[in-house]
Protein chains: 2
Amino acid sequence: MSIEMDIPVQAADSGRDIDYDELPNYIGYLLRRAQANVFREFERSLGDIGLTPGAFGLLMLIRANPGITQMELANAFGIDKSTLTPVLNRLEQSALVRREQLAHDRRYNALFFEDAQEAFFDRARTRVRDFEQSVADRLSDDEQRELVRLIGKIQADA
Amino acid sequence: MSIEMDIPVQAADSGRDIDYDELPNYIGYLLRRAQANVFREFERSLGDIGLTPGAFGLLMLIRANPGITQMELANAFGIDKSTLTPVLNRLEQSALVRREQLAHDRRYNALFFEDAQEAFFDRARTRVRDFEQSVADRLSDDEQRELVRLIGKIQADA
DNA sequence: TATTGTTATACTCTATAACTATA
DNA sequence: TATAGTTATAGAGTATAACAATA
């Protein structure tokens with residue numbers, strides 16, 4: 001089982017033939033390379049909107065779930081609550097999101113997407129969709145569904 | 001198109017139904033989640049050998065390509081030369097790898113796996129293989145091949 | 001006591017730019 | 001001038017542990 005490796009970017013290769021040993025068969029290695037490449041592309045084509053892939057995803061979740069708390073959001077996104085705090089600080093500073101302490105239990109922050117940013121969000125989402133489309137276009141519809149299914153299947157159950 | 005999300009680990013969910021909007025359709029999001037999960041599992045089951053997934057991969061490449069230079073290795077692994085330096089420092093401190101300045105062009109470091117560590121490497125590789133197998137076992141052989149093919153296909157050409 | 005969220009801290013991974021040495 | 005490798009620096013992303021506020 002062998003795959004085509006993508007071409008390095010740093011410098012012209014001197015032409016040495018690299019022996020990749022078992023590495024190309026390792027799922028972890030494949031995922032790291034694929035994720036790094038896709039994120040690099042995302043930043044190259046969307047860097048000017050000022051949102052990282054993670055920040056955009058969080059923003060989308062907050063917008064789709066008005067009043068979601070920080071713990072709920074962290075759990076839904078698969079990160080620790082302490083990882084979430086600084087990202088929310090940035091989103092709040094950019095006036096994209098606001099925190100509202102719940103009156104009936106003031107331990108909780110309810111999170112809201114700022115309606116005034118709807119136009120901005122819409123532009124950003126269009127750009128993200130275009131980007132995703134450009135990636136998805138490398139696969140047929142069937143292949144896209146299959147990839148999503150297979151990636152879902154390798155996730156550990158716990 | 002919908003997928004099963006994996007269960008959050010942090011705390012029992014209060015049961016709120018999260019609206020994931022378009023997120024589960026985004027390849028970038030899927031790859032991040034999958035990679036984070038697989039790496040977490042790697043560290044949980046292999047943390048005691050003292051090698052991160054990246055460090056193990058580099059070690060495997062050095063061992064398979066005795067005398068490879070740092071630029072060649074960085075290119076082959078898809079990282080910058082400046083990212084490579086500290087990892088090599090750690091591998092050298094652990095006596096797993098040594099640098100040898102080339103006599104005929106002293107700008108280059110040739111990298112060598114330390115033969116004395118063959119037993120250690122063998123144990124580590126067995127553990128990694130077992131781990132990879134446990135992940136791969138979630139898919140049939142056909143599915144494994146298909147996943148590798150599809151991930152390869154979505155990599156940008158440059 | 002238990003939970004939410006913040007803070008302090010640390011570590012990995014990543015890169016760019018400036019630097020050293022070598023050619 | 002150009003290249004290999006190191007260093008300085010920065011930033012994202014991640015986590016654990018301790019903490020304050022609240023319940």
Side-chain angles (χ1 to χ4, degrees), chain A residues 8-14 16 28-29 31-33 35-40 42-44 47 50-58 67-75 77-92 99-111, chain B residues 8-14 16 28-29 31-33 35-40 42-44 47 50-58 67-75 77-92 99-111:
Chain A
V9 271
Q10 251 177 116
D13 245 1
S14 53
R16 181 199 244 266
Y29 175 74
L31 289 175
R32 182 188 70 80
R33 293 293 294 247
Q35 202 234 15
N37 277 336
V38 170
F39 271 45
R40 234 191 304 269
F42 184 102
E43 271 154 31
R44 210 160 43 215
L51 291 173
T52 62
F56 179 79
L58 286 169
I68 191 173
T69 68
Q70 296 190 194
M71 280 300 293
E72 286 172 333
L73 182 59
N75 285 338
F77 204 61
I79 58 177
D80 191 86
K81 60 194 163 108
S82 69
T83 305
L84 184 58
T85 296
V87 187
L88 287 181
N89 290 345
R90 284 196 288 276
L91 289 175
E92 205 170 29
R99 292 167 162 109
E100 273 182 28
Q101 204 174 29
L102 287 188
H104 66 80
D105 188 338
R106 284 153 57 208
R107 288 174 299 183
Y108 294 83
N109 283 341
L111 303 172
Chain B
V9 273
Q10 253 177 114
D13 245 1
S14 54
R16 181 198 241 269
Y29 174 74
L31 289 175
R32 182 188 69 81
R33 293 293 295 248
Q35 202 235 15
N37 277 336
V38 170
F39 271 45
R40 235 191 303 268
F42 185 102
E43 270 154 32
R44 209 161 44 216
L51 290 173
T52 62
F56 178 80
L58 287 169
I68 191 172
T69 68
Q70 296 190 193
M71 281 299 295
E72 287 172 332
L73 181 59
N75 285 339
F77 204 62
I79 58 177
D80 191 85
K81 59 194 164 111
S82 69
T83 305
L84 183 58
T85 296
V87 187
L88 287 181
N89 289 344
R90 284 195 289 275
L91 289 175
E92 204 170 30
R99 293 166 161 108
E100 273 183 29
Q101 203 173 31
L102 287 187
H104 66 79
D105 188 338
R106 284 154 56 208
R107 290 175 298 184
Y108 294 84
N109 284 341
L111 304 171

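We name chains A, B, ... by the order of the sequence lines, and we start the count at 1 in each one. In what follows, every heavy atom counts, from backbone to side chain, and hydrogens, waters and symmetry copies are set aside.
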### Query
Are any of B:Thr85's side-chain N or O atoms less than 4.0 Å away from OP1 or OP2 of D:dG5?
no
#### Entry: Heavy-atom protein contacts under 4.0 Å, nucleotides 13-19 of chain C, coded B base, S sugar-phosphate only, - none
SBBBB--
#### Entry: Euclidean distance, atom CG of residue A:Leu58 to atom P of D:dA12 [Å, nearest integer]
14 Å
### Query
Quick one: is D:dA4 close enough that its OP1 or OP2 comes under 4.0 Å of any side-chain N or O from B:Thr69?
no
### Value in whole Å for how far the C1' atom of C:dT6 lies from CD of A:Glu92
13 Å
### Query
B:Leu31 CG to D:dG13 P: how many Å, rounded?
15 Å
### Query
Looking at B:Gln70, does any N or O in its side chain come under 4.0 Å of the phosphate oxygens OP1/OP2 on D:dT6?
yes
### Message
For a quick test of reading the model, state the closest non-hydrogen atom pair linking A:Phe39 to B:Arg32 and the distance between them.
### Response
CZ-CB, 4.1 Å
### Query
Where is the tightest heavy-atom contact between B:Leu51 and B:Leu91, given as atom of each residue plus distance?
CD2-CD2, 3.9 Å
### Query
Taking atom P of C:dG5 as reference, at what distance in whole Å does atom CG of A:Leu88 sit?
9 Å
### Task
Let me know the distance between CG of B:Leu51 and P of C:dC11, rounded to the nearest Å.
17 Å
### Query
Given C:dT6, is OP1 or OP2 found less than 4.0 Å from the side-chain N or O atoms of A:Asn109?
yes
### Summary
Those residues at least two apart in sequence (or on a different chain) that pass salt bridge (charged side-chain N to carboxylate O under 4.0 Å, His left out) with A:Arg107 are A:Asp105
### Message
How many whole angstroms separate atom CZ of B:Arg33 from atom P of D:dT14?
### Response
10 Å
### Task
Would you please confirm or rule out a distance under 4.0 Å between OP1 or OP2 of D:dT22 and any side-chain N or O of A:Arg106?
yes
#### Entry: Separation of D:dA2 C1' from B:Arg107 CZ (nearest whole Å)
7 Å
### Message
Nearest whole Å is fine: how far is C:dT12 P from B:Leu84 CG?
### Response
15 Å
### ring pair (Phe, Tyr, Trp, His ring centres under 6.0 Å) partners of B:Phe42, counting only residues at least two apart
B:Phe131
### Query
What residues, two or more places apart in sequence or in another chain, satisfy side chain to side chain donor-acceptor pair (under 3.5 Å) together with B:Thr52?
none
### Query
Considering heavy-atom distances to DNA chain D, does A:Asp105 or B:Ala110 have its closest nucleotide positioned more toward the 5' end?
B:Ala110
### Which residues share a salt bridge (charged side-chain N to carboxylate O under 4.0 Å, His left out) with A:Arg99, sequence neighbours left out
A:Glu92
### Query
Between A:Arg99 and C:dT6, does any side-chain N or O lie under 4.0 Å from OP1 or OP2?
yes
#### Entry: Under the salt bridge (charged side-chain N to carboxylate O under 4.0 Å, His left out) test, residues paired with B:Glu100 that sit two or more places apart
B:Arg98
